There are 2 protein chains.
Amino acid sequence: MSTFLGITTDDQGRKHAMEPCLEPCPIERGMRVLGGKWKGSILWHLKDGPVRFNDLARQLGGASKKMVTQRLRELEEAGLVTREVVSDRPIAVVYKITDFGKTTLDFLETLKHWVEKHQI
Amino acid sequence: MSTFLGITTDDQGRKHAMEPCLEPCPIERGMRVLGGKWKGSILWHLKDGPVRFNDLARQLGGASKKMVTQRLRELEEAGLVTREVVSDRPIAVVYKITDFGKTTLDFLETLKHWVEKHQI
DNA sequence: ATACCTGGTTACTAAAAGTAAACTGGTTGA
DNA sequence: TCAACCAGTTTACTTTTAGTAACCAGGTAT
């Protein structure tokens, strides 16, 4: 019976992971919330104040409206942004980053720095 | 002609984004390199030293071998990990994080902290 | 022989990402 | 009044990615 780097080999030579990420590890769970395509960008674009739906879609240029809607719904569900109908007739909706959403900005900034530093 | 939060409205009332992320902004580009499913986890699991293919697959428990192979190839292409055949007959392959790969650990740690702090 | 180990590949299905177009309803300008 | 835009979606559809399970070649241990 031996152990090396989190892998156990039993007396029959069978190997087993000691701490398998059976249920996804923190990094993976985090990526599922923030790693979806466009999610980071949306949060980043909301950091300076509320933005209306179409303005957001335009700034994200490259993401279709459907994608933007879909990501916004997910971010809303995760409590990172809120949707607010500002006026009916003519309809106007703004999306705002929540206080909780703002806690991700550190992380996004780290990513941005990394990308810029290494010319990704 | 007016400007508000990066959106220009021309004298005809047509709106345009001033700095659209026409080609994906840093956050988006970074996510395309690090945000794929399992990529972060793989880098994280390699941080303490070289790991063999099957050990990695076991530790990631939940990712199939095909997924692990595929992500490793992408990380290799991005210069974040290296593949090394350590012995032929019996075959043994180890994956190592590169110096460049190590520059992502800050970012991954920030993510991990965020997830743990907010019980994601 | 049998059953496991190694590091993959193959063939296939399910889920996610993506597009372009349509829709309801309102405003603007000629 | 009519066309041409605005708003914020939704629909129908295609493409890409993620995912599973089975298999393979070559080797070792019982």
Side-chain angles (χ1 to χ4, degrees), chain A residues 1-2 4 7-17 21 24 28 31-33 35-42 50-77 81-95, chain B residues 2 4 7-17 24 28 31-33 35-42 50-76 81-96:
Chain A
M1 174 87 171
S2 73
F4 184 64
I7 303 290
T8 314
T9 307
D10 67 19
D11 48 10
Q12 297 260 298
R14 286 185 207 90
K15 293 191 175 183
H16 305 277
C21 289
E28 211 47 47
M31 283 298 187
R32 272 164 216 189
V33 176
K37 225 162 179 172
W38 305 112
K39 282 181 169 184
S41 306
I42 290 176
V51 180
R52 295 182 58 163
F53 177 81
N54 278 336
D55 290 349
L56 195 54
R58 263 188 294 266
Q59 288 179 327
L60 258 42
S64 66
K65 288 170 157 205
K66 184 195 142 190
M67 281 297 103
V68 179
T69 308
Q70 220 166 77
R71 292 306 135 247
L72 281 167
R73 295 291 168 274
E74 290 170 16
L75 291 169
E76 218 187 327
E77 208 166 332
V81 310
T82 50
R83 178 183 185 274
E84 230 171 281
V85 179
V86 168
S87 98
D88 198 26
R89 190 168 34 261
I91 187 161
V93 176
V94 294
Y95 288 90
Chain B
S2 73
F4 184 62
I7 303 288
T8 313
T9 306
D10 68 18
D11 47 11
Q12 253 117 105
R14 285 186 209 90
K15 293 191 176 183
H16 305 278
E28 213 45 48
M31 283 298 188
R32 270 165 216 189
V33 175
K37 225 164 181 173
W38 306 112
K39 283 180 170 183
S41 307
I42 290 175
V51 180
R52 295 180 58 165
F53 177 81
N54 277 336
D55 290 350
L56 195 54
R58 263 188 294 267
Q59 290 181 326
L60 258 42
S64 66
K65 288 171 159 203
K66 184 193 141 192
M67 280 298 102
V68 178
T69 308
Q70 220 167 78
R71 292 307 136 243
L72 281 168
R73 296 289 169 276
E74 291 171 16
L75 291 170
E76 219 186 325
V81 309
T82 51
R83 179 183 184 273
E84 229 171 280
V85 178
V86 169
S87 100
D88 199 25
R89 192 170 31 261
I91 188 161
V93 176
V94 294
Y95 288 90
K96 284 183 188 175

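Computed over heavy atoms, backbone and side chain alike; hydrogens, waters and symmetry mates excluded. Letters go in sequence order (proteins before strands), and every chain restarts at 1. Everything quoted here is computed from the prediction, not taken from an experiment.
The CZ-C1' distance, from A:F53 to C:dC23, rounds to 14 Å in whole Å. Rounded to an integer number of Å, the gap from B:M31 CE to D:dT17 P is 17 Å. Atom CD1 in A:I91 sits about 10 Å away from atom C1' in C:dT24, given to the nearest Å. If you take CD of B:E84 and C1' of C:dG8, they are 18 Å apart, rounded to a whole angstrom. Straight-line distance from the CG atom of B:L56 to the P atom of C:dC5: 17 Å, rounded to whole Å.
In this structure, of C:dG8, C:dT19, D:dA7, it is D:dA7 that holds the atom nearest to the side chain of A:N54. The side chain of A:K65 sits closest to D:dT9 out of D:dT9, C:dG8, C:dT6. Listed nucleotides: D:dG8, D:dT10, D:dG27. Nearest to the side chain of A:R52: D:dG8.
No donor-acceptor pair under 3.5 Å is formed between the side chain of A:K39 and the backbone N or O of A:R71. Counting only distance, with no hydrogens or angles, the side chain of B:E28 and the backbone of A:G40 share no donor-acceptor pair below 3.5 Å.
For D:dG8, neither phosphate oxygen OP1 nor OP2 lies less than 4.0 angstrom from any side-chain nitrogen or oxygen of A:R83.
By the 4.5 Å heavy-atom criterion applied to side chains, B:L72 and B:R83 are not counted as neighbours. Looking at heavy atoms from C-beta onward, A:E74 lies out of side-chain contact with A:E77 at the 4.5 angstrom threshold.
The two residues B:V68 and B:F53 make their nearest non-hydrogen contact at CG1-CE1, 3.9 Å.
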Give me, pair by pair, the N or O atoms of the protein and of nucleotides 15-17 of chain C that are less than 3.5 Å apart, along with how far apart they are.
from   : atom 1 : to    : atom 2 : distance (Å)
C:dA17 : OP2    : A:R71 : NH2    : 2.6

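Ranked by how close their nearest DNA chain D nucleotide is to the 5' end, A:R73 and B:P90 are led by A:R73.
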Passes side-chain contact (heavy atoms from CB on, under 4.5 Å), B:L60 versus B:M67? Steps please. CA-CA 10 Å; B:L60 258 42; B:M67 280 298 102; over 6 Å; no
